[in-house]
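Take a look at the structure below.
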Amino acid sequence: FLHVLLHYDVSVSNELTVKWFEMIQLGLPSATLSAFVGPLRLNASEMLTLYKDELPKIIQNARNCPFVMNIYWEKEFETE
């Protein structure tokens with residue numbers, strides 16, 4: 001669900017970006033573990049892109065958006 005909400009597809013790099021969002025927003029231990037250990041699976045250029053481009057944006061978004069668990073999503077499906 002968060003992949004769709006954040007406009008990320010399913011890849012290792014994008015999954016790690018979503019995990020950072022989950023870690024900041026939800027505080028899940030599994031997201032924290034994935035966020036810190038997961039980059040070991042990336043090559044150098046993917047890791048650079050993750051840390052330089054993706055993480056600053058997703059960290060800012062996670063801190064500035066409302067808590068995602070408090071949003072009544074069923075009501076939002078009807079809005080445009």
Side-chain angles (χ1 to χ4, degrees):
F1 178 73
L2 285 176
H3 287 88
V4 174
L5 180 67
L6 298 171
H7 300 283
Y8 285 102
D9 57 349
V10 181
S11 69
V12 175
S13 179
N14 288 335
E15 182 66 31
L16 290 171
T17 305
V18 172
K19 289 299 177 190
W20 272 86
F21 184 88
E22 289 176 357
M23 178 183 70
I24 293 167
Q25 275 274 309
L26 308 174
L28 297 173
S30 60
T32 304
L33 181 64
S34 297
F36 286 106
V37 177
L40 298 174
R41 295 198 40 112
L42 301 176
N43 63 37
S45 66
E46 291 172 328
M47 200 177 294
L48 181 64
T49 301
L50 177 69
Y51 287 123
K52 186 179 176 191
D53 299 331
E54 297 298 327
L55 288 185
K57 290 187 290 187
I58 204 69
I59 290 170
Q60 181 180 7
N61 289 341
R63 288 181 177 163
N64 293 332
C65 77
F67 186 58
V68 294
M69 300 302 279
N70 288 342
I71 299 172
Y72 193 5
W73 293 107
E74 289 79 6
K75 288 184 179 180
E76 296 299 323
F77 292 144
E78 299 171 0
T79 61
E80 293 184 28

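Values below: every heavy atom of this structure, side chains too, minus hydrogens, waters and symmetry copies.
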For this session: Please assess Gln25 against Met69 for the test side chain to side chain contact (heavy atoms under 4.5 Å, CB included), listing each intermediate value before the final yes or no.
Result: CA-CA 9 Å; Gln25 275 274 309; Met69 300 302 279; over 6 Å; no

Problem set entry | Pair Trp20-Glu54, side chain to side chain contact (heavy atoms under 4.5 Å, CB included): steps then yes or no | CA-CA 10 Å; Trp20 272 86; Glu54 297 298 327; over 6 Å; no

Problem set entry | Spacing of Leu55 atom CG and Leu16 atom CG [to the nearest 0.5 Å] | 8.5 Å

Problem set entry | Same apolar cluster: Val18 and Leu40, side chain cutoff 4.5 Å | no

For this session: Enter the distance from Glu22:CD to Thr17:OG1 here, rounded to the nearest 0.5 Å.
Result: 11.0 Å

For this session: Can you measure from CG (Leu33) to NZ (Lys19) and round to the nearest 0.5 angstrom?
Result: 10.0 Å

Problem set entry | Considering all heavy atoms, the nearest Pro39-Leu50 contact | CG-CD2, 4.2 Å

Exercise. So if you build clusters from Ile, Leu, Val, Met, Phe, Trp, Tyr with side-chain heavy-atom gaps below 4.5 Å, do Val4 and Ile58 land together?
Worked result: no

Exercise. Which value, rounded to the nearest 0.5 Å, describes the distance between Cys65 atom SG and Gln60 atom CD?
Worked result: 11.0 Å

Problem set entry | Atom pair CZ/CD of Arg41 and Glu46 - distance to nearest 0.5 Å | 10.5 Å

Problem set entry | Step-by-step side chain to side chain contact (heavy atoms under 4.5 Å, CB included) determination, Phe21 to Leu26 | CA-CA 8 Å; Phe21 184 88; Leu26 308 174; over 6 Å; no

Problem set entry | Smallest separation among heavy atoms of His3 and Val10, with atom names | CD2-CG2, 4.4 Å

For this session: Tell me whether Leu48 is reachable from Phe36 by hopping between hydrophobic residues (I, L, V, M, F, W, Y) whose side-chain heavy atoms are closer than 4.5 Å.
Result: no

Exercise. Are Val37 and Met23 connected in a single hydrophobic cluster, I mean Ile/Leu/Val/Met/Phe/Trp/Tyr linked by side-chain heavy atoms less than 4.5 Å apart?
Worked result: no

